[in-house]
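Position 1 is the first residue of the sequence, and the numbers go up from there.
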Amino acid sequence: MPFNPQVVTRDIFYPQGTLSAAVTQAFQADLASWLATTSSPAVVIDFSQVDFLDSAILMVLVNAYKELQSQKRTLLLSGVSPELKIIFELTQLNRVFPIYSNPEAALANGEKPAMAA
């Protein structure tokens with residue numbers, strides 16, 4: 001499935017498809033554009049419709065996290081499949097990004113430590 005982002009609410013970004021190096025620039029541009037449109041203290045990227053992501057996308061996420069931290073904002077993740085969760089665990093990024101089962105849980109908990117999804 002090709003990359004196809006959807007912004008459904010001002011607080012939740014819903015990428016879809018395969019997030020690989022081939023779509024890194026488009027993903028980064030769409031994410032940056034969305035982040036510029038919201039001033040919410042906590043924002044969520046929901047991965048429930050993502051079937052693959054690679055290290056290039058992880059770098060985009062880390063950069064977005066750093067930028068939001070400098071603005072005293074929080075980047076939360078949700079809908080991470082077991083296959084994608086392994087990637088976050090192997091890279092230990094699950095210690096950086098709070099991961100929730102769904103966007104609503106992420107927004108409800110804000111910066112509280114994530115429970116196992």
Side-chain angles (χ1 to χ4, degrees):
M1 179 184 335
F3 167 65
N4 180 22
Q6 292 184 8
V7 178
V8 176
T9 73
R10 68 182 179 98
D11 300 329
I12 308 167
F13 184 71
Y14 291 90
Q16 297 179 343
T18 299
L19 301 182
S20 66
V23 299
T24 300
Q25 288 182 333
F27 179 77
Q28 185 172 15
D30 289 344
L31 183 60
S33 176
W34 171 67
L35 289 172
T37 66
T38 180
S39 60
S40 298
V43 293
V44 180
I45 301 176
D46 183 79
F47 287 94
S48 60
Q49 297 299 311
V50 172
D51 53 27
F52 176 82
L53 63 85
D54 69 11
S55 60
I57 298 299
L58 292 177
M59 286 306 302
V60 171
L61 295 176
V62 168
N63 291 334
Y65 172 84
K66 288 179 181 179
E67 177 63 28
L68 289 169
Q69 287 292 301
S70 74
Q71 299 171 16
K72 306 283 190 244
R73 298 168 65 196
T74 304
L75 176 60
L76 309 167
L77 307 181
S78 69
V80 176
S81 69
E83 295 81 14
L84 297 182
K85 192 169 187 177
I86 290 170
I87 295 168
F88 285 99
E89 290 171 350
L90 288 173
T91 58
Q92 296 186 1
L93 287 174
N94 60 316
R95 295 180 180 184
V96 175
F97 297 109
I99 300 175
Y100 295 88
S101 59
N102 59 63
E104 295 78 16
L107 290 172
N109 287 294
E111 294 183 4
K112 296 176 189 172
M115 302 303 290

N/O donor-acceptor pair under 3.5 Å between S40 side chain and A42 backbone: no
Looking at CG of L61 and OG1 of T91, how far apart are the two atoms once the value is rounded to the nearest 0.5 Å? 10.0 Å
T18 and V23: side-chain contact (heavy atoms from CB on, under 4.5 Å), yes or no, with the steps? CA-CA 8 Å; T18 299; V23 299; over 6 Å; no
No-hydrogen, no-angle side-chain donor-acceptor test under 3.5 Å, D46 and S78: yes
Would you kindly say whether D54 and S20 are connected by a side-chain donor-acceptor distance under 3.5 Å? no
Partner of V43 by side-chain contact (heavy atoms from CB on, under 4.5 Å), out of L31, L68, L76, L107: L68
Neighbour count >12 (heavy atoms, 6.0 Å) for atom CD, Q25: no
Counting distance only, does the side-chain N/O of T24 pair as donor-acceptor with the main-chain N or O of A21 below 3.5 Å? yes
To the nearest 0.5 Å, what is the distance between CZ (R10) and OG1 (T37)? 10.0 Å
OG (S81) and CD (Q49) are apart, to the nearest 0.5 Å, by 11.0 Å
Working to the nearest 0.5 angstrom, can you tell me the gap between I45 CD1 and L19 CG? 9.5 Å
Distance col, row L75:CG vs E67:CD, nearest 0.5 angstrom, shows 11.5 Å
Residues which pass side chain to side chain contact (heavy atoms under 4.5 Å, CB included) with I87, listed by chain and number, not counting sequence neighbours: L53, L58, L84
Nearest non-hydrogen partners of W34 and V44, listed with the distance: CH2-O, 3.6 Å
Please give the remaining members of the hydrophobic cluster of M59, linking ILVMFWY side chains under 4.5 Å, ordered by chain and number. none
Could you measure the distance from the CZ atom of F88 to the CZ atom of F47? Nearest 0.5 Å is fine. 5.0 Å
Compare every heavy atom of T74 with every heavy atom of Q69, then report the nearest pair and how far apart it is. NE2-CA, 4.3 Å
Hey, does T38 have a side-chain heavy atom less than 4.5 Å from the side chain of R73? yes
Is the closest side-chain heavy-atom distance between Y65 and L93 below 4.5 Å? no
